[in-house]
Protein chains: 2
Amino acid sequence: MALNEAASKPIAVCSAVDLVAVLAAVTGGQPRVMTIRDGAALPSGPFELDDRSLQSGLRAWVERQTGHPLGYVEQLYTFADRDRAAEGSARRVISISYLGLTREESAKGAGNAGWRNWYDYFPWEDRRSGPPAFLEKAIVSRLRGWAKAADDAAKRRERAERLAISFGLDDSPWNEELILQRYELIYEAGLVEEAVRNGDRDTPAAIPGRPMLADHRRILATGIARLRAKIKYRPVVFELMPPTFTLLQLQRAVEALAGLLVHKPNFRRLIEQHDLVEDTGTTASDTPGRPAKLYRFRRAVLAERAVAGTKLPLTRS
Amino acid sequence: MALNEAASKPIAVCSAVDLVAVLAAVTGGQPRVMTIRDGAALPSGPFELDDRSLQSGLRAWVERQTGHPLGYVEQLYTFADRDRAAEGSARRVISISYLGLTREESAKGAGNAGWRNWYDYFPWEDRRSGPPAFLEKAIVSRLRGWAKAADDAAKRRERAERLAISFGLDDSPWNEELILQRYELIYEAGLVEEAVRNGDRDTPAAIPGRPMLADHRRILATGIARLRAKIKYRPVVFELMPPTFTLLQLQRAVEALAGLLVHKPNFRRLIEQHDLVEDTGTTASDTPGRPAKLYRFRRAVLAERAVAGTKLPLTRS
DNA sequence: TGGCATATACTCATAGAGAGTATAATTATG
DNA sequence: CATAATTATACTCTCTATGAGTATATGCCA
């Protein structure tokens with residue numbers, strides 16, 4: 001790495017650049033992600049020089065694939081660590097990843113492309129019916145062992161602390177946004193197949209959760225983390241909803257993304273007091289129980305409230 | 001862009017990859033950014049294949065340059081739009097940008113590298129003494145003209161709305177985080193030298209604010225925006241502070257970053273009730289007025305509160 | 001000694017979030 | 001047909017955080 005002032009024009013060092021998409025949807029109260037290769041990889045491909053921009057190319061591709069406009073795209077992260085490169089490749093690949101939100105509906109999933117429940121890859125992240133039964137035995141206890149196995153005391157303490165914070169042990173609360181930290185911990189401890197295949201150690205029994213090729217599962221974790229954070233301060237859930245929906249459907253979508261249950265009365269109050277939706281006048285008929293009003297997203301809020309608000313105690317005038 | 005499932009190993013399409021750093025500090029109540037080429041560019045250089053990771057290389061480089069550990073590094077964005085490429089180059093360059101926080105102190109700024117007040121590049125972003133005098137005449141009125149000059153009515157409305165939101169006109173409040181949107185607007189309107197040089201139109205008098213080479217000013221705006229957002233929910237200001245400081249110095253640093261004044265009593269209450277600092281027992285002597293207590297950052301908060309909190313109305317148990 | 005400048009400590013009102021309860025309108029079931 | 005089950009919707013109560021402003025302490029300097 002140079003970063004020196006002499007060379008402003010980059011020397012012709014050349015890297016392969018790969019685009020990777022985390023494409024999310026919610027269907028039937030379950031979070032879904034678009035995959036290829038029978039669920040073993042995220043959609044990806046080489047970055048070609050004739051695209052106008054990274055985003056526009058991704059958008060076009062997704063719209064072709066799903067037959068549906070891609071409501072929201074944002075760049076996630078650019079990965080280039082050599083120690084996480086695709087299996088055995090000497091060459092370094094730079095992966096620029098994107099998060100896209102859409103609806104599953106008309107998914108024409110050509111070939112073996114298709115939507116998967118993303119908790120297939122991270123079963124421990126779904127706590128809608130409480131912490132999964134296998135969590136303590138299959139994951140936490142083994143991570144505790146890994147933490148204790150560190151060389152020196154300082155490292156042991158550090159690992160134990162990371163473990164407690166990531167998984168909400170001791171007094172820490174569970175924080176659904178820390179999905180990437182949890183995955184990294186499990187990876188470092190050598191408990192996922194990806195780490196094993198990369199030769200970090202002999203094969204211990206991998207923990208529950210489907211692996212992916214290369215570092216795609218890490219990229220997926222990054223995307224889920226971003227989405228879980230974003231639903232809290234930006235009205236992005238609506239990109240995943242059908243044109244009209246009931247408040248319970250909306251709540252179920254949020255719960256699917258967060259992997260947690262929310263308090264119904266307070267959730268409704270939140271939605272209403274922020275004026276995020278408007279009544280359509282119709283009611284849903286095919287649901288059990290009392291029929292619910294159908295709402296639609298008030299798209300005007302996107303313009304009105306360009307971004308959340310301040311947390312700084314500003315002065316007037 | 002392919003993203004197709006057949007090609008998972010990227011074809012050997014090759015791009016030049018460039019690293020760019022937005023390195024920030026606060027000195028004497030002013031926000032500073034590390035530059036090279038007499039302030040015309042951000043530190044940058046080709047990405048070399050032997051770095052262990054992008055971040056580690058950046059970190060090493062900065063520590064060599066400033067003689068100071070780099071407290072905080074995060075990836076900003078990866079730029080690759082062809083229409084913003086370096087002047088006249090046919091070749092596409094991918095720029096991976098990073099935000100780093102440090103202290104200016106022992107800046108050994110070799111050669112013509114050095115720290116600059118970042119408001120040299122964005123004078124309209126400093127509102128600590130109110131909106132700058134030139135804002136209305138040199139910027140806003142010209143942007144209004146640009147908005148009115150659009151082809152069709154829809155586009156005119158859209159431009160007027162973007163203008164109002166970005167610059168806090170009409171009823172919108174000023175939002176200091178929208179620095180990138182403001183720069184993009186000015187750029188699109190052809191009012192910055194960078195846009196002029198790229199040949200968008202004949203040279204109108206550029207507005208106040210120093211230009212930079214290529215798209216470095218855009219990258220700087222991205223960095224400032226990220227920092228302005230982050231100080232609100234993460235204790236990152238402290239990376240910019242000396243080991244001990246008074247609460248007023250801390251406040252001045254926040255104000256320098258945000259370009260806005262904060263309410264002193266409430267600011268202190270915020271810091272105290274979040275337990276962000278601890279008393280050192282000493283007081284500052286060289287300041288005017290009543291001597292203030294010196295505090296230090298309670299680094300433990302980094303571990304305790306890994307991340308802010310929830311905005312979702314969760315259910316118990 | 002009397003400003004002047006800063007530090008530090010309170011007060012008061014209000015908005016928002018957490019938690020829980022009560023009632024209404026359907027369909028399914030015995 | 002009555003009743004249970006299920007979902008919808010409307011309130012209540014409490015507490016904390018935030019916005020805004022005021023009052024008092026402690027130094028230096030002319």
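When reading the values below, keep in mind they use all heavy atoms of this one structure, side chains included, and skip hydrogens, waters and symmetry mates. Naming convention: chains lettered A, B, ... in sequence-line order (proteins, then strands); numbering from 1 in each chain.
Residue pairs satisfying the side-chain hydrogen bond (donor to acceptor under 3.5 Å, both in side chains) criterion with at least one member in residues 239-262 of chain A, sequence neighbours excluded, are listed as follows: A/Glu239-A/Arg299, A/Gln251-A/Glu255, A/Arg252-A/Glu255. Screening residues 276-298 of chain B for ring pair (Phe, Tyr, Trp, His ring centres under 6.0 Å) gives B/Phe238-B/Phe297 as the qualifying pairs, with residues at least two apart or on separate chains. Among residue pairs with one or both ends in residues 158-174 of chain B, those qualifying as side-chain hydrogen bond (donor to acceptor under 3.5 Å, both in side chains) are B/Arg162-B/Glu188; sequence neighbours excluded.
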Return all side-chain donor-acceptor pairs below 3.5 angstrom for residues 263-271 of chain B, not counting sequence neighbours, or 'none' if the list is empty.
unit_1, atom_1, unit_2, atom_2, d
B/Asn266, OD1, B/Arg269, NH2, 3.3

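With rounding to whole Å, B/His274 atom NE2 is found 7 Å from D/dA17 atom P. Rounding to whole angstrom units, CZ of residue A/Phe267 and P of D/dA8 are separated by 12 Å. Summarising the geometry, the separation between NZ on B/Lys232 and C1' on D/dT18 is reported as 15 Å, rounded to the nearest angstrom. For B/His263 and D/dA17, the NE2 to C1' distance is 14 Å, given to the nearest whole Å. The distance between atom CD of A/Gln251 and atom C1' of D/dT9, rounded to the nearest whole Å, is 13 Å. Atom CD1 of A/Ile271 is separated from atom P of D/dA8 by 14 Å (rounded to the nearest Å).
Residues that satisfy the side chain to side chain donor-acceptor pair (under 3.5 Å) test with A/Arg157, not counting sequence neighbours, are absent from this structure.
Considering only side-chain N and O atoms, A/Gln273 lies nowhere under 4.0 angstrom from the phosphate OP1 or OP2 of C/dA15.
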Quick test: give all pairs of protein nitrogen or oxygen and nucleotides 7-11 of chain C nitrogen or oxygen below 3.5 Å, distance rounded to 0.1 Å.
unit_1, atom_1, unit_2, atom_2, d
C/dA7, OP2, B/Lys264, NZ, 3.1
C/dA7, N3, B/Arg290, NH1, 3.2
C/dT8, OP1, B/Lys293, N, 3.2
C/dT8, OP2, B/Arg268, NH2, 2.7

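The backbone N or O of A/Gly114 lies less than 3.5 Å from a partner atom in the side chain of A/Thr35, making a donor-acceptor pair.
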